[in-house]
Amino acid sequence: MDKSVAKFYRPRLVKFALNMWPPFWGAGIQILSISEDFRQVKVKLKLRWWNKNANRTQYGGSIFSLTDPIYSLMLMGILGDSYFVWDKQASINFIKPGHSDLYAEFFVTQEMQDNILRETVSGDKCFPEFITYVKDCEGNVVSEIQRKLYVRKKPAYRKQTSAENKVV
């Protein structure tokens, strides 16, 4: 994240920006809440006539989009501007059709954060994985989405080893 962006990277502003972002707005995706520490996010996917599939249920692409940038944005808020955070890989398992609005909750625990910090302290790459369950309005699981992220300290923030400090 750019330093000029980092100073404005606050949960309320991120929520507002995402709710106004055309890909989310057009798909019917709404950020319901972002905790002050970026560790919890709640999202809703509205069922609208334009995001229904041929079977009149939630379009699979919209369900997948519901989770797209969330964990990356959470970790950017938690780790700050000294880290690169990117989505690397994702898969979705459709379990049952979504006949109503859908909901998802995202969590980053202290243990997850500690593991990421431990793995990246020397500048190594880390590939944390997250599972998100998208549920209907009755709490039934509609899909399971797995996301793998890429996390690494930016070069300016990496610890230098004694071999890197030697002048040849």
Side-chain angles (χ1 to χ4, degrees), residues 1-52 57-117 120 126-151:
M1 166 183 354
D2 185 288
K3 285 188 184 219
S4 62
V5 174
K7 62 184 169 187
F8 297 107
Y9 204 79
R10 304 287 179 260
R12 253 179 44 218
L13 290 173
V14 172
K15 177 184 171 189
F16 175 78
L18 286 175
N19 284 335
M20 298 303 290
W21 191 38
F24 267 22
W25 182 85
I29 298 168
Q30 179 184 14
I31 306 296
L32 299 175
S33 66
I34 301 176
S35 66
E36 284 301 312
D37 59 2
F38 283 100
R39 291 185 183 278
Q40 183 180 9
V41 174
K42 294 181 182 180
V43 182
K44 175 181 180 178
L45 174 61
K46 298 175 188 173
L47 181 61
R48 296 178 172 162
W49 66 267
W50 65 81
N51 68 354
K52 289 182 182 179
T57 61
Q58 288 280 11
Y59 174 64
S62 296
I63 296 171
F64 199 55
S65 294
L66 173 73
T67 68
D68 187 9
I70 304 299
Y71 276 115
S72 291
L73 295 173
M74 291 171 75
L75 287 178
M76 289 168 71
I78 292 168
L79 300 173
D81 67 345
S82 59
Y83 283 83
F84 293 116
V85 181
W86 295 91
D87 272 315
K88 180 172 175 50
Q89 182 179 353
S91 65
I92 188 167
N93 178 19
F94 295 105
I95 296 169
K96 64 183 283 190
H99 293 282
S100 67
D101 291 348
L102 301 179
Y103 301 87
E105 291 188 55
F106 306 81
F107 302 95
V108 175
T109 65
Q110 185 64 48
E111 181 182 5
M112 291 173 184
Q113 179 183 345
D114 291 345
N115 288 337
I116 291 167
L117 293 173
T120 60
C126 175
F127 303 103
E129 295 188 34
F130 301 91
I131 302 285
T132 304
Y133 297 97
V134 177
K135 299 177 180 181
D136 63 19
C137 60
E138 296 174 355
N140 300 309
V141 175
V142 171
S143 66
E144 175 186 81
I145 300 170
Q146 176 274 332
R147 289 205 169 267
K148 182 186 284 190
L149 275 59
Y150 166 98
V151 181

K.L.:
Got a sec, which pairs hit salt bridge (Lys or Arg N to Asp or Glu O under 4.0 Å) with one end in residues 29-44, sequence neighbours left out?
P.N.:
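Sorted pair list: D37-R39, K44-D101.
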
K.L.:
Step by step, work out the side chain to side chain contact (heavy atoms under 4.5 Å, CB included) result for I95 and V142.
P.N.:
CA-CA 5 Å; I95 296 169; V142 171; over 6 Å; no

K.L.:
Relative to each other, are the rings of Y9 and F38 parallel, tilted or perpendicular (30° and 60° limits)?
P.N.:
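Taking F38 first and then Y9, their aromatic rings lie parallel (interplane angle under 30°).
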
K.L.:
Kindly give the heavy-atom pair with the smallest separation between A27 and L45, and that separation in Å.
P.N.:
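Heavy atoms only, the tightest pair is O-CD1, 3.2 Å.
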
K.L.:
Do any N or O atoms from the side chain of W50 and from the backbone of G26 form a donor-acceptor pair under 3.5 angstrom?
P.N.:
yes

K.L.:
Can you list the residues that meet the side chain to side chain donor-acceptor pair (under 3.5 Å) rule with T120, with sequence neighbours excluded?
P.N.:
Y83

K.L.:
Look only at the side chain of K96 and the backbone of V141, and say whether a donor-acceptor pair between them is shorter than 3.5 Å.
P.N.:
no

K.L.:
To the nearest 0.5 Å, what is the distance between OG (S35) and CD1 (I78)?
P.N.:
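S35 atom OG to I78 atom CD1 measures 7.5 Å (nearest 0.5 Å).
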
K.L.:
Closest approach of S143 and I63, non-hydrogen atoms and distance?
P.N.:
OG-CG2, 3.3 Å

K.L.:
Check whether any side-chain heavy atom of F106 lies under 4.5 Å from a side-chain heavy atom of T67, and answer yes or no.
P.N.:
yes

K.L.:
Between CD of E105 and CD1 of I70, what distance do you get to the nearest 0.5 Å?
P.N.:
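Rounded to the nearest 0.5 Å, the CD-CD1 separation comes to 12.5 Å.
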
K.L.:
For L73 and V41: C-alpha separation, side-chain torsions, deciding distance, then whether side chain to side chain contact (heavy atoms under 4.5 Å, CB included) applies.
P.N.:
CA-CA 10 Å; L73 295 173; V41 174; over 6 Å; no

K.L.:
Any chance CZ of F16 has more than 12 other-residue heavy atoms, nucleotides or ligands included, within less than 6.0 Å?
P.N.:
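At most 12 heavy atoms, drawn from other residues, nucleotides or ligands, come within 6.0 Å of this atom.
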
K.L.:
Test: salt bridge (Lys or Arg N to Asp or Glu O under 4.0 Å). Region: residues 61-78. Which pairs qualify, not counting sequence neighbours?
P.N.:
D68-R147

K.L.:
Please name all residues satisfying side chain to side chain donor-acceptor pair (under 3.5 Å) with N19, sequence neighbours left out, ordered by chain then number.
P.N.:
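In terms of side chain to side chain donor-acceptor pair (under 3.5 Å), with neighbours along the sequence ignored, N19 is linked to no residue.
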
K.L.:
Take atom CZ of F24 as the centre, draw a 6.0 Å sphere, and report whether it contains more than 12 heavy atoms from other residues, nucleotides or ligands.
P.N.:
yes

K.L.:
Considering non-hydrogen atoms only, spot the tightest contact between T57 and P97 and give its length.
P.N.:
CG2-CB, 3.8 Å

K.L.:
List in chain and number order the residues that pass side chain to side chain donor-acceptor pair (under 3.5 Å) with D114, two or more places apart in sequence or in another chain; answer none if no residue qualifies.
P.N.:
Q110

K.L.:
Let me know which of L149, V108, I34 forms a side chain to side chain contact (heavy atoms under 4.5 Å, CB included) with M74.
P.N.:
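The option that passes is V108.
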
K.L.:
Where do I116 and P128 come nearest, in terms of heavy atoms and distance?
P.N.:
CD1-CG, 4.0 Å

K.L.:
To check you understand the geometry: which heavy-atom pair defines the closest contact between L47 and H99, and what is its length?
P.N.:
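In terms of heavy atoms, the two residues are closest at CD2-O, 3.3 Å.
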
K.L.:
Rounded to the nearest 0.5 Å, how far apart are CH2 of W86 and CE of M76?
P.N.:
8.5 Å

K.L.:
Can you give each donor-acceptor pair under 3.5 Å made by side-chain atoms of residues 130-137, sequence neighbours left out, with the distance rounded to 0.1 Å?
P.N.:
from	atom 1	to	atom 2	distance (Å)
Y133	OH	E144	OE2	3.3
D136	OD1	E138	N	2.9
D136	OD1	G139	N	3.0
D136	OD1	N140	N	2.9
D136	OD2	N140	ND2	3.3

K.L.:
What are the two closest heavy atoms between F107 and Q40, and how far apart are they?
P.N.:
CE2-NE2, 3.3 Å

